[in-house]
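The sequence lines fix the lettering, A, B, ..., with proteins before strands; numbering per chain opens at 1.
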Number of protein chains: 2
Amino acid sequence: MKPTIREVAKMAGVSISTVSRVMNAPDTVVESKRSRVIEAIEALKYQPNAFARGLIYKKSFTLGLLIPDIENMYFAGVIRGVQDACIKLGYSLMICNTDRDKERTLSYIDTFHEKQVDGVVFASDILYPEYYEKLVGCRIPFVLVSSHSDEYEVASVEVDDEKAAYDAVKFLIELGHREIGMIGFNHDNSVSGPPRVAGFVRALTESGLERNAGKIKYANHRFEQAYQASHDLFTAYPELTAVFCVADEFAMGTISYLKDRNILVPGQVSVIGFDNLRMSGMFIPKLTTIAQPIYQLGYRSAEKLHELLTDGTVSVMKEKLEHKLIIRESSREK
Amino acid sequence: MKPTIREVAKMAGVSISTVSRVMNAPDTVVESKRSRVIEAIEALKYQPNAFARGLIYKKSFTLGLLIPDIENMYFAGVIRGVQDACIKLGYSLMICNTDRDKERTLSYIDTFHEKQVDGVVFASDILYPEYYEKLVGCRIPFVLVSSHSDEYEVASVEVDDEKAAYDAVKFLIELGHREIGMIGFNHDNSVSGPPRVAGFVRALTESGLERNAGKIKYANHRFEQAYQASHDLFTAYPELTAVFCVADEFAMGTISYLKDRNILVPGQVSVIGFDNLRMSGMFIPKLTTIAQPIYQLGYRSAEKLHELLTDGTVSVMKEKLEHKLIIRESSREK
DNA sequence: TTTAACTTAGAAAAGCTTTTCAAAGCGATT
DNA sequence: AATCGCTTTGAAAAGCTTTTCTAAGTTAAA
């Protein structure tokens, strides 16, 4: 089996206390013994047992990350950010893909509880009361990323969805478009759904384009759904010359649909996305989009969780990171 | 703090042994006490401490997963597969993104060792001797997915790369193409690089097209690199009417390049990819490709690891899963 | 009625580390 | 020479659970 501190002690001819001290407070043990101990540790490839340490410290130095859909490219970036922050801060990371399934999410929280993760970052999904109750019931500190809660007092880091949507639509208007539609997230399973239509409506209203405010179809996070939604949108409103899509994946779905209908993008219709996935620059045409600082979102959320864990509180509760308009090839002046 | 078995025992008015028995062998404790204990457990939301259990069982019921590049869409699928298998088999999963960095990979193995993961699945990367030595030095059982080792006796599950590449090129030939090039993986940091050029060459040779065997440029896993490689390929061999790309991301890079050069795909040049990413059906044009059973690859690798952990050995050492040709829009008869 | 065989429950040990406490050793000060 | 104070080390306890062992209590059989 794996060597224990006992065997290291025996090999070095000292007590286990001394071995422990060599690892945790090296300068309290005299040089001669210290080097003998270090030799023994290396010879045996000794690695202290995390279970025993966990028992003492009551900490696992592990964080949990709950992801709604790992096949959504958006999350690859936030995972990288969270993981890099974890490395910097000395945590391990346990990533779980919930598929937006309530039961599964709850069961992962149980696992986190059992494994004694120090905290969890909860990504992009709605914080349902069940989740909240369970998390606080298990006394697990947590933060939200790309999400927030109106009901509860929970730390979060995200983008200003309303403003970002506003900027996207404003851009389309400045390009000269007057007939503008939108493909949005279903409100009942997304947190950014409502603020993004709010931004859409505000930009429209501000320019006297209220008549477009209802030209919205909703989809459920996936390409195929957005394809279908575009179909519904364009059969209902064939006059549209621009579409605001609340996700790059939706923009791709919309463009695919338009392509199949032989409608040119951006020749006849301009499409703007949201997220700036790595894929957006690879698509044909390259997507004009609102860039979220995806990696930073993940990174900051882990830092914030760390702050919560060490200080017991967090300096800014609802943190907003900056979005940015990226102009590429899927949009054009009207 | 979190409640312990002691507090449950006190609340139920029994000894801690009884509580433990209720959880692990319920029928050895009399109904009246059992129900009192269950009540107490629920009232306190008691969850046994995984550290204490780990100390006893010498198992963490946690697996580690080493991923080279989490932003590569290929891995989203294998992660899902591994994770679903883990749920079925009762393991938790610790996913680590190595960025193909040796030091980082080694350091993750240390973490796995310290956290006492029961085993690790190692994805898609070359099993360098350092990795192998460290893993066996730490006595951590492991399996390879989308990879294999010629040097060492390690269980693996992957696709038959040579055959798959052969099938791809054969398909191009049957379409009537005679001038065929390839965008491959750099041999020095990929395991599937060499077998895929072998398949390319075999298909060519079989049809008397050896003259094409050298028309290969190499790229390093990413779109941008494939774009550049396509540039090199087509300036060196402008006669090409078809390209075999060893990854869908490469195919997208190639098509992007061709598009920028106003070369029609599939009108003038046919492109076939490899992987069948979820994205491949979303791209314009939709990619003809060799589908890997990505999810199953992940799923099987976790099952295999489980087999290794429970039986101490594995029934089939080098397992191959079936690939499949998917014909979509990026290829056309010559 | 007594003994044998079970059933049920508690005490205690084991698993590995860190940390506290006490003791030993040593130099220096009075 | 004796005491003080500091450094260095080891013994032991604590952290939480599972499991073994033992004891007590119950039922059935002789």
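- For Arg21(A) and dG10(D), a side-chain-to-base donor-acceptor distance below 3.5 Å is present, hydrogens and geometry of angles not being considered.
- At dA14(D), none of the side-chain N or O atoms of Tyr57(A) fall inside 4.0 Å of OP1 or OP2 (strictly under the cut-off).
- The shortest distance between the side-chain N/O atoms of Lys58(A) and the OP1/OP2 oxygens of dC16(D) is below 4.0 Å.
- Side-chain to base pairing of Ser17(B) with dA11(C): one donor and one acceptor N or O lie within less than 3.5 Å of each other.
- For Lys10(B) and dC16(D), the NZ to C1' distance is 15 Å, given to the nearest whole Å.
- Protein atom CG of Asn49(A) is 7 Å distant from nucleotide atom P of dC16(C), rounded to whole Å.
- Donor-acceptor pairing under 3.5 Å is lacking for the side chains of Asp69(B) and Tyr74(B).
- Ranked by how close their nearest DNA chain C nucleotide is to the 5' end, Val29(B) and Phe51(B) are led by Val29(B).
- Between Arg300(B) and Glu303(B) there is a salt bridge, with a side-chain nitrogen of the basic residue lying less than 4.0 Å from a carboxylate oxygen of the acidic one.
- Ion pairing between a basic and an acidic side chain is recognised when a charged N comes within 4.0 Å of a carboxylate O; Glu7(A) and Lys10(A) show no such pairing.
- Between the axis at the start and the axis at the end of the helix from dT1(C)-dA30(D) to dT30(C)-dA1(D) there is an angle of 70°, using five pairs per end and rounding to 10 degrees.
- Between the side chain of Ser15(B) and the base of dA11(C), no donor-acceptor pair of N or O atoms lies under 3.5 Å.
- For Glu31(B) and Arg34(B), the salt-bridge test passes: some basic side-chain N is under 4.0 Å from an acidic carboxylate O.
- Residues Tyr132(B) and Tyr152(B) place their aromatic rings such that the two centres sit under 6.0 Å apart.
- One can place CD of Glu31(B) at 12 Å from P of dT8(C), the figure rounded to the nearest angstrom.
- Contact between the side-chain N/O atoms of Lys2(A) and the OP1/OP2 oxygens of dC16(C) is not found at any separation under 4.0 Å.
- Nucleotide dT18(D) holds its P atom 11 Å from the CZ atom of Phe61(B), rounded to whole Å.
- Contact annotation: Arg53(A) does not reach the phosphate of dT17(C) (side-chain N/O to OP1 or OP2, under 4.0 Å).
- As judged by a 4.0 angstrom heavy-atom cut-off over every strand, Ser20(B) is placed among the base-contacting residues.
- Comparing Val14(B) and Ile56(B), the nucleotide of DNA chain C nearest to each residue sits closer to the 5' end for Val14(B).
- Atom C1' of nucleotide dT18(C) and atom NZ of Lys59(A) are separated by 16 Å, given to the nearest angstrom.
- The CZ atom of Arg34(A) sits 15 Å away from the P atom of dT7(D) (whole-angstrom rounding).
- Where Ile16(A) and Arg6(B) each meet DNA chain D at their nearest nucleotide, the meeting point lying more 5' is that of Ile16(A).
- In this structure, Met23(B) places its CE atom 7 Å from P of dT18(D), rounding to the nearest Å.
- Thr18(A) comes within 4.0 angstrom of the backbone, heavy atoms only, and of no base.
- Atom CG in Asn24(B) sits about 14 Å away from atom C1' in dT20(D), given to the nearest Å.
- Going from atom CZ of Arg21(A) over to atom CG of Asn24(A) covers 10.0 Å, rounded to the nearest 0.5 Å.
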_Audit row: Lys58(A), Asp118(A), salt bridge (Lys or Arg N to Asp or Glu O under 4.0 Å) steps and yes/no_ = CA-CA 9 Å; Lys58(A) 292 169 191 287; Asp118(A) 298 335; over 6 Å; no
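- Salt bridge annotation for Glu158(A)-Lys318(A): absent, with no cationic side-chain nitrogen under 4.0 angstrom from a carboxylate oxygen.
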